[in-house]
Amino acid sequence: MSEHIRVLLSEEEVDARIQAIGEQISRDYAGKQVHLICVLKGGSFFLCELAKRITVPVSLDFMAVSSYGSGTQSGGVVKIIKDLDDPVKDKDVIVVEDIVDSGRTLSYLLEMLWGRGPRSLHLCTLLDKPDRRVVDVNVDYTGFQIPDEFVVGYGLDYDQRYRNLPYIGVVEFD
């Protein structure tokens, strides 16, 4: 079985939307510094492009988490693979994610981060799949709401491939 990639969101559409999100965050955090936390690996592409478009001072940190259960479905058990390097206490924090689907992992992650005492905590995602939501998660900044399809590109992968695509595509099998 072979696969091909159908373009869902072009590079130009993604770029324009990231610019708009960066402008909104810059307005919302005017006069403040924002601390961006990237959820690895997929979020790294979005984080880099977003940070370049934010005009207020920005600091960065990274987390790697794993959510696992039986088979291919997340059971909501979250394991921290790489924790933050710096404390978030009294910082204005935005968690930057590539995609929000079930909400299980992010719900756990946001609750854990709130316990560390940030001044504010918000969520920014490039892609949101609300049809897959199992746990309610408030997304403050959304790039695109997309249908429940398997997407790649801009950091999202299929078997560690296609992360480097400059657009969002749908994996289709022949």
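Because the structure is predicted, anything quoted here is derived from the model rather than measured.
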Are [X] and [Y] side-chain neighbours, meaning at least one heavy-atom pair lies under 4.5 Å?
X    : Y    : answer
I94  : L50  : no
L126 : I18  : yes
L9   : Y154 : no
Q33  : V58  : no
V14  : F45  : no
L40  : I81  : no
D15  : Q19  : no

Do the side chain of [X] and the main chain of [Y] share a donor and acceptor less than 3.5 angstrom apart?
X    : Y    : value
S26  : T55  : yes
K129 : E149 : yes
R116 : V88  : no
R119 : K89  : no
K82  : F62  : yes
T142 : F144 : no

Once you round to the nearest 0.5 Å, how far does [atom1] of [X] lie from [atom2] of [Y]?
X    : Y    : atom1 : atom2 : result
L106 : E111 : CG    : CD    : 12.5 Å
L121 : I37  : CG    : CD1   : 7.0 Å
D174 : E3   : CG    : CD    : 8.5 Å
I54  : C124 : CD1   : SG    : 7.5 Å
D157 : F150 : CG    : CZ    : 6.5 Å
D148 : D101 : CG    : CG    : 8.0 Å

Closest approach of [X] to [Y] (non-hydrogen atoms, all atoms of both residues):
X    : Y    : answer
A51  : L36  : CB-CD1, 4.0 Å
S44  : C38  : N-SG, 3.4 Å
S120 : H122 : CB-CE1, 4.0 Å
V93  : Y29  : O-OH, 4.4 Å
T125 : V139 : CG2-CG1, 3.5 Å

Got a salt bridge between K91 and D61, using NZ or NE/NH1/NH2 to carboxylate O under 4.0 Å?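 The answer is no: the pair does not qualify as a salt bridge.
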Closer than 4.0 angstrom, basic N to acidic O: yes or no for K41 and D98?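 No, this pair does not count.
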Among the clusters formed by ILVMFWY side chains lying less than 4.5 Å apart, do [X] and [Y] turn up in the same one?
X    : Y    : result
Y167 : Y158 : yes
V135 : Y108 : no
L8   : F173 : no
Y162 : I168 : no
M63  : I99  : no

Worked check of side-chain contact (heavy atoms from CB on, under 4.5 Å) between I80 and M112: CA-CA 11 Å; I80 305 295; M112 181 197 68; 4.1 Å; yes
Do N138 and D136 have side-chain atoms, one donor and one acceptor, less than 3.5 Å apart?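 The criterion, which ignores hydrogens and geometry beyond distance, is not satisfied for D136 and N138.
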